[in-house]
Amino acid sequence: MTRALVFDSGVGGLTIAAELRKAAPDWIVDYAADSGFFPYGVKTDEELRERLPQLCATLVDVAKPDVLVIACNTASTLSLDDIRARVSVPVVGTVPAIKPAAEQTKTGVIGILATPGTVRRAYLDDLERQFASGKTVIRRGTAGLVDMAERAVRGQEIDQEQVAYAVRPMFDPPDGPRIDIVVLACTHFPLIRDAIAAACPPGVRLIDTGEAVARQAIRVAPKTPRPAGDPVAYVTGGAANKAAMTPAFARFGYHAIEIIDV
Ligand code: DGL
């Protein structure tokens with residue numbers, strides 16, 4: 001029995017945890033939400049660089065996974081190497097699905113919907129150079145959709161007008177109307193996929209990285225014999241955050257919740 005730890009700033013990584021549980025039903029998939037430091041998308045690079053490696057090292061010490069999945073584009077595109085240097089287990093990151101989008105676009109124009117942090121990353125420039133040369137890539141950074149996804153997964157209504165307000169500017173540049181694929185480059189966004197799809201012009205396809213990340217975790221995880229057990233969700237930020245996160249965790253099958261102080 002393999003034990004994985006899936007980590008995100010909030011509820012977004014639950015979309016990756018769900019994919020991993022689907023692909024590896026016999027695994028124990030623990031979860032960690034850094035709710036005490038959420039949201040990552042508007043933090044400076046320095047703030048995240050300072051926090052992420054130490055936090056991940058602490059989480060690995062506590063949860064003792066066989067594999068750590070950074071289910072967050074904002075964190076992965078900045079700190080994957082620093083995190084790998086600090087922990088002793090394989091680390092799988094989540095990065096924008098530019099390669100499949102570039103392969104599948106028919107118009108040659110793709111949209112990247114991400115946090116403000118992810119859209120300004122040099123990592124994204126590299127992905128574009130490597131996999132999307134000759135294509136037009138239009139980036140749109142939004143923190144509003146992250147908040148909406150957090151609220152939606154706790155059962156609150158989302159306002160379609162606000163979703164449209166966040167998404168539509170991606171289609172404003174001269175090549176915008178030719179976008180045929182939008183990459184959901186934030187793990188929160190699949191939680192409100194239908195609302196995002198409704199805010200895009202008809203015929204636009206949305207793609208994310210959930211399945212690919214799950215496949216990669218299965219590929220790299222060492223086969224360690226372990227006793228069976230129930231999955232645990234860890235949360236930072238104390239009792240108030242634990243209470244706020246409980247409905248979302250329960251929806252995704254996490255009933256044992258532990259507070260981590262970092
Ligand atoms: N879920 C995270 C991502 O994939 C970011 C959300 C946040 O801003 O904290 O980028």
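The first residue in the sequence is number 1, and the count goes up from there. In listed order, ligands and their atoms are each counted from 1.
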Report yes if some N/O of Thr118 lies less than 3.5 Å from some N/O of ligand 1; otherwise report no.
no
Side chain, backbone, both or neither: which part of Val146 comes within less than 4.0 Å of ligand 1 when only heavy atoms are counted?
side chain
Please give me the minimum heavy-atom distance between Gly36 and Thr236, naming the atom from each residue.
N-OG1, 2.9 Å
Only residue of Val89, Val67, Val91 satisfying side-chain contact (heavy atoms from CB on, under 4.5 Å) with Val220 is Val67
side-chain contact (heavy atoms from CB on, under 4.5 Å) evaluation trace for Lys43 with Glu50
CA-CA 11 Å; Lys43 296 285 190 301; Glu50 204 174 303; over 6 Å; no
For the residue pair Thr74 and Thr115, confirm or rule out a side-chain donor-acceptor distance under 3.5 Å.
yes
If you measure from each heavy atom of Cys72 to ligand 1, is any distance below 4.0 Å?
yes
Answer yes or no for Arg154 and Phe252: cation-pi contact, defined as NZ/CZ to six-membered ring centre under 6.0 Å and angle to ring axis within 45°.
no
Closest non-hydrogen protein atom to atom 5 (C) of ligand 1, residue and atom name please, with distance?
Thr74 OG1, 3.5 Å
Any N or O on Cys186 sitting closer than 3.5 Å to an N or O of ligand 1?
no
Scan side-chain atoms only and decide if Asp34 and Tyr40 contain a donor-acceptor pair under the 3.5 Å cut-off.
yes
Do other residues, nucleotides or ligands put more than 12 heavy atoms under 6.0 Å from the CG atom of Asp230?
no
Starting from atom 8 (O) of ligand 1, which protein heavy atom do you reach first, and at what distance in Å?
Gly41 N, 2.8 Å
Which bit of Ser9 is near ligand 1, meaning a heavy atom under 4.0 Å away: side chain, backbone, both or neither?
side chain
Which of the numbered atoms in ligand 1 are below 4.0 angstrom from a heavy atom of Thr115?
5 (C), 8 (O), 10 (O)
For ligand 1, find out whether one of its N or O atoms is nearer than 3.5 Å to an N or O atom of His188.
yes
Going by side-chain contact (heavy atoms from CB on, under 4.5 Å), Val11 matches just one of Val146, Thr187, Val153. Which one?
Val153
Which is it for Thr187 and ligand 1 at heavy atoms under 4.0 Å: side chain, backbone, both or neither?
both
Which is it for Thr94 and ligand 1 at heavy atoms under 4.0 Å: side chain, backbone, both or neither?
neither
Show me which atoms of ligand 1 lie under 4.0 Å from any heavy atom of Phe38.
9 (O)
Proximal atoms of ligand 1 relative to Asp8 (non-hydrogen, under 4.0 Å)
1 (N), 2 (C)
Heavy-atom side-chain contact between Pro90 and Pro222 under 4.5 Å
yes
